[in-house]
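So that the names make sense, note that chain A is the first sequence line, chain B the second, and so on, each numbered from 1.
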Protein chains: 2
Amino acid sequence: MRQQLRSLTLIQGSDINRKPGRPKGGKSEQTRERILDAAEQLFADRGYDGASIRDVAAAAGLQIHSISYHFGPKEQLFDAVVARRADIMTGLRGAALETARQQAGAAAIPIKQLVRDYASPFIQSASHGDVGWRNYAALMGRLANSPLGTEIIARHYDDMAREYITELQRALAGADPEDVVEGFSAMVAAMLGICAATGRPERLSGRNAQRPPEESFEALVRFHTAGFLALTIA
Amino acid sequence: MRQQLRSLTLIQGSDINRKPGRPKGGKSEQTRERILDAAEQLFADRGYDGASIRDVAAAAGLQIHSISYHFGPKEQLFDAVVARRADIMTGLRGAALETARQQAGAAAIPIKQLVRDYASPFIQSASHGDVGWRNYAALMGRLANSPLGTEIIARHYDDMAREYITELQRALAGADPEDVVEGFSAMVAAMLGICAATGRPERLSGRNAQRPPEESFEALVRFHTAGFLALTIA
DNA sequence: TATTTATTTGTACGTATGTATAATTTAATG
DNA sequence: CATTAAATTATACATACGTACAAATAAATA
């Protein structure tokens with residue numbers, strides 16, 4: 001939205017299209033990242049309506065208007081927060097899918113691999129990534145069943161989701177395609193639940209600390225792979 | 001909170017403890033229900049922070065202060081909304097569990113029956129109940145991964161959840177108990193996702209209308225039963 | 001009917017909200 | 001250095017928020 005059409009001549013010194021004045025995107029890219037980090041954390045902690053633009057500005061060490069200057073109205077800021085890491089996530093999933101397709105050749109990709117490849121980037125990022133990824137994971141969990149959330153998720157995640165669903169349906173030829181979509185939705189919900197860090201699993205199992213997400217991930221893969229396979233049995 | 005200790009002598013005319021003045025809970029019980037209905041819908045549509053007390057009052061056809069008069073501050077109203085139908089839900093699940101225990105005798109309750117008995121009351125209410133149940137289901141979906149939501153869910157749902165988990169662990173003696181908790185969480189997340197009516201399954205499958213929740217329910221039972229059973233295989 | 005309490009209304013307070021406008025500072029240019 | 005545009009600051013606006021207080025009304029009693 002605020003991206004500039006860079007001039008075509010690449011050598012900066014001899015740039016003939018170069019207009020006078022301070023160029024865009026110099027130092028401000030850091031500022032934008034700082035705003036997104038702050039917004040990510042606050043939206044994750046308090047939700048979309050619970051976090052104010054003022055909170056974000058204060059957390060980023062800026063004045064209020066700097067937020068809307070860089071991102072426009074609140075909803076666009078929210079979208080930008082989701083989009084930033086969604087693009088990374090989609091890149092990882094796309095690469096994994098390409099590899100899997102090459103490995104499988106003409107055959108269908110194994111269910112277990114599809115489950116693993118879709119859930120792994122998210123769970124790995126949420127558990128091994130920096131605090132930003134943890135905040136992002138919590139935020140995505142909150143978004144899951146809200147109108148605004150699903151709208152934004154649709155924009156940034158549905159295309160790749162459909163690719164995985166297509167492969168799942170191919171691997172589960174005997175199953176009702178709608179059941180496969182149902183299974184995919186269940187898998188995503190479980191993945192988000194693991195990373196949301198709500199503390200409910202601990203409360204239900206009597207544990208005092210959160211289970212390492214890798215263990216949860218392995219359980220998820222086994223559980224949902226078996227679930228998918230059960231859909232083929234009429 | 002605002003319930004009164006009814007006098008012990010049951011015959012109203014000869015009530016010796018009866019104090020003068022207008023008695024509590026007469027017409028106001030309808031008002032309370034009307035407030036809860038309005039709050040339920042608004043919280044479901046806009047979330048806790050997105051729905052204001054003024055909105056609730058207007059939807060119920062009352063002045064602002066009537067809300068806090070009956071329910072205290074906003075968070076207690078929210079809790080009351082969740083609690084009302086949580087009690088019904090817990091009653092149904094408790095009755096189903098008792099029946100299942102009697103049927104099973106000394107043996108473990110079958111996994112499929114536990115999955116069915118836990119998810120069925122919610123999905124049936126959300127699909128066949130009145131609009132209030134549909135709103136409630138959407139609200140519970142929104143709550144699932146938020147801090148305030150999990151706090152309230154813990155208060156009203158965790159006891160019965162632990163009972164079902166105990167039975168699941170008994171039926172899955174070979175499985176890691178923590179994996180079983182993980183599976184239970186996945187089942188709940190899927191159940192909420194089905195009833196949240198976000199439109200995402202339709203978007204992912206190309207359907208134009210929502211799938212009948214009964215079909216989704218049958219798929220959920222098959223999927224998650226198989227998932228649980230897979231946890232016993234080392 | 002007079003009295004007592006439950007319930008509802010009307011109004012107000014202090015603060016927080018998203019957004020917009022104008023002025024200022026910063027960083028590059030020729 | 002003068003100039004141009006980006007980036008930041010400062011301030012303001014109109015509205016919405018949760019909560020509280022005082023008054024009025026309603027429904028039962030003796």
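- Note: CD1 (Ile35(B)) to C1' (dT7(C)) measures 11 Å, nearest angstrom.
- Going from atom CD of Glu29(A) over to atom P of dT8(D) covers 11 Å, rounded to whole Å.
- Under the 3.5 Å distance criterion, with hydrogens and angles disregarded, no donor-acceptor pair is assigned to the side chains of Asp87(B) and His156(B).
- Between Arg203(B) and Asp158(A) a salt bridge is recorded (basic side-chain N to carboxylate O distance below 4.0 Å).
- Using a 4.0 Å cut-off between a side-chain N of Lys or Arg and a carboxylate O of Asp or Glu, Asp79(B) and Arg155(B) qualify as a salt bridge.
- Interface residues of residues 55-64 of chain A facing DNA chain D, ordered by number: Leu62(A), Gln63(A); criterion, heavy-atom separation under 4.0 Å.
- Side-chain nitrogen and oxygen atoms of Ser52(A) include at least one within less than 4.0 Å of the OP1 or OP2 phosphate oxygen of dT17(C).
- Taking side-chain N and O atoms only, Ser68(A) has no distance below 4.0 Å to OP1 or OP2 of dG18(C).
- The residues Glu182(B) and Arg211(A) are annotated as salt-bridged, a charged nitrogen and a carboxylate oxygen being separated by less than 4.0 angstrom.
- Per the geometry, CZ belonging to Arg32(B) stands 13 Å off C1' belonging to dA6(C), to the nearest Å.
- With rounding to whole Å, Ile67(A) atom CD1 is found 14 Å from dA7(D) atom P.
- Relative to the six-membered ring of Tyr164(A), Arg93(A) misses at least one condition, a distance below 6.0 Å or an angle of at most 45° to the axis.
- In this structure, the NZ atom of Lys74(A) is 13 Å from the C1' atom of dA16(D), given to the nearest Å.
- One finds a salt bridge joining Asp159(B) and Arg162(B) here, because a Lys/Arg side-chain nitrogen approaches an Asp/Glu carboxylate oxygen to under 4.0 Å.
- Between the P atom of dT8(D) and the NE2 atom of His65(A) lies a distance of 11 Å, rounded to the nearest Å.
- Contact between the side-chain N/O atoms of His70(B) and the OP1/OP2 oxygens of dT8(C) is found at a separation under 4.0 Å.
- With dA6(C), dC13(C), dA7(D) as the candidates, the nucleotide lying closest to the side chain of Tyr69(A) is dA7(D).
- The distance from atom CD of Gln76(A) to atom P of dG18(C) is 15 Å, rounded to the nearest whole Å.
- Between Ala51(A) and Arg54(B), the residue whose closest nucleotide on DNA chain C is further toward the 5' end is Arg54(B).
- For the pair Thr31(A) and dA7(D), the criterion of a side-chain N or O lying under 4.0 Å from OP1 or OP2 is not met.
- The distance between atom CZ of Arg34(A) and atom C1' of dT8(D), rounded to the nearest whole Å, is 11 Å.
- Contact check on Arg84(A) versus Glu33(A) returns a salt bridge, with a Lys/Arg side-chain nitrogen under 4.0 Å from an Asp/Glu carboxylate oxygen.
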